[in-house]
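A quick write-up on the structure given underneath.
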Amino acid sequence: MAEKGKGSLRNRGKGPSEHSNYEHENTQDDEHVDVVYQNPNNRHQIELLLESQKGSLIVVSILTVLAFALRFYKISFPDQVVFDEVHFGKFTSHYLTRQYYFDVHPPFAKLLFGLAGWFVGFDGDFTFDNIGDNYTVARVPYVGLRALPAILGSLTIPVVYAIMKESGYSTVIAAFSSAIILFDNAHIAQSRLILLDATLIFFMSLTIYSYIRFRKLRYREFTTEWWTWLIITGVVMACTWGSKVNGILTVFTIGAAVLIDLWDILDYKKEGHTMEYFLRHFYARAIGLILVPFVVYLSFFWIHFKILNQSGTGDNFMSPAFQETLAGNEMLLNSKEIHYYDTVTIKHYGTKVFLHSHVERYPLTYPDGRISSQGQQVTGYGHDDANNYWKIIPTKALPETGRGRIVRNDDVIQLLHVNTQTHLLTHDVASPLMPTNQEFTTWAKDDHTRHNDTLFQVALLSNMPGEAWKTKSGHFRLIHVPTKVSMWTHAEPLPDWAFKQQEINGNKNPVERTATWYVDEVVVEAPESDREEEKQPVKVPKSMNFFRKFGELQLLMVQHNAGLTASHPYASAPINWPFLLSGISFWTDNEAKKQIYLIGNIVGWWSCAVALSIFIGILGADLLARRRGMDPIPDPVRNRLWNNTGFFLLVWAVHYLPFFLMNRQLFIHHYLPSHLASALIAGAVLNFVLSETINYPISFRGSKTKPKPSQYSDIGLKGPLILVGFCFVLFLMFVFIAPLTYGTPGLTGEQVNSKRLLSTWTLHFAAKVTDGA
């Protein structure tokens, strides 16, 4: 028989049925305090609540102070470039010198580093070229740069605490989840260096907090407070998205939660859920969680482009039109308009070979029995040579002088090979290496019987009508007029009969992205052309608007991020991450035997993995039981599990599972957002295991609004004892691993071996273990 006041598992925490869907509501609401306090039966509960809030403030203050202490401890060590500081520190320099760079990540977090660098007086001259470069010698205010992620990483702790409190958990449970992040070595290591993850995780946690605040106002919809938290959610979600490319997973998380919410609102069986009511909610969320975040996200790139207006290391990643908007760009300074009868050299954009021809001919037959045209070979050649020279021949009447002689987009031309006096030609004959593609050859210029086969259209990639064709910047496709194939090349060399040069052939996809060429230089200018227009001073063109630049950069970011497929000694598979099977070597000092090795607190990580398993097991057992007509969990408990902890599980899954589908390099730090979510789940599971009452309602007699349940769950004295014991063990493990987190003090080989808790950890300076030792 259960004790009075506690009840069985089935009955504990049960109140009136109308309270069962209020699992996220706060107990306290200013407009109701007086009404509640007038009831003598509730006065004691309010006094306890106010006392609890004071205690909560003290607890979160202690946690925050500890967070700052642990993240700022010896932040000046090492005074050398560590791991990816070589990239993100360099980008800070670029902002301060205004030189354009390219990166796969959005610019928001890097803009913050640029702002921090300006604030601490960094001039941007130090370029972070190599891991191990010394900051002190170069007089770089690196501590100020590292302080930014340290501050954001420290502030993540009170945000985690607030998430749990706003979700209706007690101070003990909120402190439990916060402690997992507070004492985690991986989160601390990432927060002490010039890296993006601390910014990403801080704004991700803010997004979770803001969305919970918004959802708690679902019974006061369309009020000023409701709109405020909706907009705040959108803004901080955009900051998460703008911090790092995988911040888009936070957008997907909120998107999934909103779809579930809208699906519930669409239910016509619920009172007042008309189609008009649904559309009001739909449009509100579209504004707050689509339009506002997108505008904020765009603003990051607008600022990014405004600052980086000088030529820099990222120029070559961008299109010629983009590069020409950058002051001092080589293309802008050196490109010039191309005229008919100019003799030019043409290069392939991807492989950098010249369009080349020579007197040797294709063999009559190929090894597979196919017959060639035996025409003059046209190949791709990697070196400067007179056989790379082509004269541009018009196919229309030209004026004697002036701008009418400039070659323009969509003009139809002939290309005359200067040394052999033959025109470039392609026809319906299979190319040597690719039977599906057309052979390129040449035809004598005096023989007009195949005139049409020598006609090619210049299709500039900018696709602006009438745009002048230019050297360097005028990237183009050469489209054969009769067959519509695009002149193309690839890296596989031809046999010895073509001197192992590259094959040039006709790709049947006329818009093939890799069929891109550019005129490298004008070798001989047409003497009869009038070039006075080129004597004007060079100005930065303004033709490429912001949205075109934004679209181009987004596409490149996606392509290059997907292309990070090279092997890395510290790359790891997602299946290993929750169990902390491997880490990353950030920095080593061979003389002092010091190292920074990114690895998490194994007590916290394994506790989270266990909590995840328990939670999924509870949900599965509940589903099976209800399928068999049993109801082992009361409605308030079930609502909290599915709606609140289920939301945490959604955050964890969306930030984790997509990595299984990626073929790029992956590292354990990609799991840190999911680890934070798993810490929230761990607290919720502990609450479920320990709590005796959940959401026991307080009566709001006399109030016109719906009654609200108690925010706190009664977990008894065992809760604080478990928290203290768990934090003590967490702290001990943190201290044990701390030399690997802070990079100091140096360790002997035997000490390194002792820190290697799992055989899969690849630590430096370990002592060799001999047989029989």
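Source: prediction; values computed, not measured. Index from 1, following the sequence. Heavy-atom basis, side chains included; hydrogens, waters and symmetry copies ignored.
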Has the side chain of [X] got a donor or acceptor atom that lies under 3.5 Å from a matching backbone atom of [Y]?
X      : Y      : result
Asp184 : Asn601 : yes
Asn134 : Gln80  : no
Gln559 : Leu556 : no
Ser177 : Ala679 : yes
Arg664 : Leu564 : no
His670 : Leu666 : no
Ser178 : Tyr161 : yes
Arg756 : Trp761 : yes
His87  : Asp84  : no
His105 : Val245 : yes

Handout entry: side-chain contact (heavy atoms from CB on, under 4.5 Å) partner of Ser61, chosen from Leu57, Thr64, Leu63
Key = Leu57
Problem - Among Ile596, Thr588, Thr136, the one residue meeting side-chain contact (heavy atoms from CB on, under 4.5 Å) with Pro78 - result: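 Going through Ile596, Thr588, Thr136 one by one, the side-chain contact (heavy atoms from CB on, under 4.5 Å) with Pro78 is satisfied by Ile596 alone.
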With a 4.5 Å heavy-atom cut-off, do [X] and [Y] have their side chains touching?
X      : Y      : result
Leu96  : Asp123 : no
Asp589 : Gln595 : no
Leu70  : Tyr742 : yes
Phe300 : Pro106 : no
Leu196 : Gln190 : no
Asp129 : Lys90  : yes
Pro149 : Phe113 : yes
Thr240 : Leu249 : no

Where does the angle between the aromatic ring planes of [X] and [Y] fall among parallel (under 30°), tilted (30 to 60°) and perpendicular (over 60°)?
X      : Y      : answer
Phe91  : Phe88  : perpendicular
Phe586 : Phe83  : parallel
Tyr656 : Trp577 : tilted
Tyr95  : Tyr101 : perpendicular
Tyr671 : His675 : tilted

Calculate, to the nearest 0.5 Å, the distance between atoms [atom1] and [atom2] belonging to [X] and [Y] respectively.
X      : Y      : atom1 : atom2 : value
Ile307 : Gln99  : CD1   : CD    : 13.5 Å
Ile181 : Ser205 : CD1   : OG    : 9.5 Å
Thr127 : Asp133 : OG1   : CG    : 7.5 Å
Cys239 : Leu200 : SG    : CG    : 11.5 Å
Leu740 : Leu747 : CG    : CG    : 6.5 Å
Lys110 : Leu112 : NZ    : CG    : 11.5 Å

Provide the closest heavy-atom pair for [X] versus [Y] in the form atom of the first, atom of the second, distance.
X      : Y      : answer
Ala682 : Ile180 : CB-CD1, 4.0 Å
Trp605 : Gly600 : NE1-CA, 3.6 Å
Ala684 : Thr645 : CB-OG1, 3.3 Å
Ile668 : Leu598 : CG2-CD2, 3.9 Å
Asp103 : Met557 : O-CG, 3.5 Å
Pro745 : Pro739 : O-CB, 4.1 Å

Practice task
Please report the C-alpha distance between Asp622 and Trp642 in whole Å, then the side-chain angles of each, then the deciding distance to 0.1 Å, and finally whether the side chain to side chain contact (heavy atoms under 4.5 Å, CB included) criterion is met.
Solution key: CA-CA 11 Å; Asp622 182 49; Trp642 284 96; 3.4 Å; yes
Pairing donors with acceptors under 3.5 angstrom, does anything connect the side chains of [X] and [Y]?
X      : Y      : result
Ser572 : Asn576 : no
Thr250 : Thr207 : no
Ser167 : Asn644 : yes
Lys165 : Thr171 : yes

Exercise for the section: With side chain to side chain contact (heavy atoms under 4.5 Å, CB included) as the test, would you mind laying out the steps for Ile602 and Phe579 before giving the verdict? Expected result: CA-CA 8 Å; Ile602 198 168; Phe579 310 106; over 6 Å; no
Exercise for the section: Flag this pair as yes if the NZ/CZ of Arg640 is under 6.0 angstrom from the six-membered ring centre of Tyr169 and inside a 45 degree cone about the axis; otherwise no. Expected result: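 Yes - Arg640 lies over the ring of Tyr169, closer than 6.0 Å to its centre and within 45° of its axis.
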Practice task
Could you go through the side chain to side chain contact (heavy atoms under 4.5 Å, CB included) check for Ile212 and Phe647 one step at a time?
Solution key: CA-CA 10 Å; Ile212 290 175; Phe647 175 61; 4.2 Å; yes
Given the side-chain rings of [X] and [Y], with only the six-membered ring counted for Trp, is the space between their centroids under 6.0 Å?
X      : Y      : value
Trp587 : Phe77  : yes
Phe203 : Phe108 : yes
Phe615 : Phe648 : no

Practice task
For salt bridge (charged side-chain N to carboxylate O under 4.0 Å, His left out), just list the numbers for Arg146 and Glu85, CA-CA rounded to whole Å, side-chain angles, deciding distance to a tenth of an Å, and then say yes or no.
Solution key: CA-CA 10 Å; Arg146 288 179 178 175; Glu85 287 186 336; 2.9 Å; yes
Exercise for the section: Test Val160 against Leu676 for side chain to side chain contact (heavy atoms under 4.5 Å, CB included), laying out the working first. Expected result: CA-CA 8 Å; Val160 171; Leu676 184 142; 3.8 Å; yes
Handout entry: Test ring-ring contact (aromatic ring centres under 6.0 Å, His included) applied to Phe128 and Phe126, step by step
Key = CA-CA 6 Å; Phe128 299 83; Phe126 185 78; 4.9 Å; yes
Exercise for the section: Would you please test Phe102 and His560 for ring-ring contact (aromatic ring centres under 6.0 Å, His included) and show each step? Expected result: CA-CA 10 Å; Phe102 172 78; His560 283 266; 4.9 Å; yes
Handout entry: Exceeds 12 heavy-atom contacts within 6.0 angstrom, atom CG of Asn663
Key = no
All N/O donor-acceptor pairs, side-chain side in residues 720-734, below 3.5 Å, sequence neighbours left out:
none

